[in-house]
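This report refers to the structure that appears directly beneath it.
Everything numeric here is computed off the predicted structure, so don't read it as measured data. Convention: sequence-line order gives letters A, B, ...; per-chain numbering from 1.
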Amino acid sequence: MAHEAFGPPLRETLSRWKREQAQLKASVIDHDTEAWQQKTDFTGLFRVGGVDISFIKGDDVRACASLVVLSYPELEVLYEEHRMVNLTAPYISGFLAFREVSFLVDAIQRLQKKKPDLMPQVLLVDGNGVLHHRGFGVACHIGILTDLPCIGVAKKLLQVDGLKNNDLHKEKIQHLKTGGDTFPLMGDSGSILGMALKSHNKSSKPLYISVGHKVSLETAVHLIQACCRYRIPEPIRQADIRSREYVRRTIELANSQEAEKERGPQRQREMQSPTVSPARVLQESAGEERPSENPCPGQSYEILGQSSEAPS
DNA sequence: GCGACAG
DNA sequence: ATCTTGTCGC
């Protein structure tokens, strides 16, 4: 019974996705645009966001999309939201955004509506930014769709543009001495696509940092370093930990409700009259509104209404 | 046939 | 991504 949850990736779909990446790539800003980025101590930076999606072992469709916002420099959780979603695309290297991005953008939109004051000033994204087959990874994709400064944080080297995780690369990793040490990742094209960063004094594996949107590589590396209590920067780490916890509790609740149903359906109705949704019970900060249809995902720019144009 | 393959 | 306990070390 090994049915694939998603149809085979059609060549036409991949080519459409490539065209969309190429088109959106033109809008990426790969330098600092925010005032707080100018100061070496990040004065004026108060909120750093992290996003992550957690999966269920035997389930190719259901997943938990999470957004957290941490204070800076304290790195304490100010906001979190977790939501079970139904994935519509498989994981294909180079096309991660088409699997994950719409759910993460939705979470940002709900935050904007509910608690605009908690909107993060920069978003850390699991995966790559411009360090990508076509220079437009998931961190760039989220950045363009939300207009937020974004940084790509990958745990493994994506071997593109001549970059290889070979002996030479491993040797460079060995040479990283203390937390904050880096070496550049230069592609065959000659441009620096990202940086390998030893984010913690005792972590043998580096992080691979790249520009997503509205931040320079230098600032990105500096900020990631400043957000690391452990190897994984705290915003992403908290999103990951809390997302898994939400999945675990959701499964437990679903199982207990299933057992209850089999044991006595009619008694169940008598005992707990108002049926409460798992999301409501487990996460009070979950979004309030009904799941709404997004008419054309991926087509909306400036979703947060942050257009800087002056009123006419 | 072999290697690569962010999450 | 996910499955998983202990184990070694600071």
Sugar-phosphate, base or nothing in reach of Gly94(A), heavy atoms under 4.0 Å: base
Sugar-phosphate only, base, or nothing, as touched by Phe98(A) at under 4.0 Å among non-hydrogen atoms: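 Counting heavy atoms under 4.0 Å across all strands, no contact is made by Phe98(A).
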Round to a whole Å and report the spacing from [atom1] of [X] to [atom2] of [N].
X	N	atom1	atom2	value
Leu124(A)	dG7(B)	CG	P	14 Å
Ile53(A)	dG7(B)	CD1	C1'	9 Å
Ile92(A)	dA4(B)	CD1	C1'	15 Å
Phe103(A)	dG7(B)	CZ	P	19 Å
Leu104(A)	dG7(B)	CG	C1'	11 Å
Asn166(A)	dC5(B)	CG	C1'	17 Å
Phe6(A)	dG7(B)	CZ	C1'	13 Å
Leu131(A)	dA6(B)	CG	P	11 Å

Side-chain H-bond candidate by donor/acceptor type, Asn201(A) with Thr178(A), under 3.5 Å: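 Their side chains do not contain a donor-acceptor pair, so the 3.5 Å distance test is not met.
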Short side-chain donor-acceptor distance under 3.5 Å, Ser243(A) and Asp52(A): no
Quiz item: cation-pi between Arg83(A) and Tyr246(A), 6.0 Å / 45°: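 No, cation not above the ring by the 6.0 Å, 45° rule.
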First-last contacting nucleotides on DNA chain C - partner chain A, under 4.0 angstrom, heavy atom: dA1(C) to dC3(C)
Aromatic plane relationship, Phe42(A) with Trp36(A) - under 30° parallel, 30 to 60° tilted, over 60° perpendicular: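 The rings of Trp36(A) and Phe42(A) stand perpendicular, inter-plane angle above 60°.
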Ring geometry between Tyr230(A) and His200(A) (parallel below 30°, tilted from 30 to 60°, perpendicular above 60°): parallel
Arg244(A) vs Lys202(A), nearer the 5' end of DNA chain C by closest nucleotide: Arg244(A)
Tyr91(A) side-chain N/O to dC5(B) phosphate OP1/OP2 under 4.0 Å: no
Partner of Ser66(A) under side-chain hydrogen bond (donor to acceptor under 3.5 Å, both in side chains), chosen from Glu81(A), Glu80(A), His82(A):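 That would be His82(A); it is the only one of Glu81(A), Glu80(A), His82(A) passing the side-chain hydrogen bond (donor to acceptor under 3.5 Å, both in side chains) with Ser66(A).
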Lys/Arg-Asp/Glu bridge criterion (N-O < 4.0 Å) met for Glu12(A), Arg16(A):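 A salt bridge links Glu12(A) with Arg16(A).
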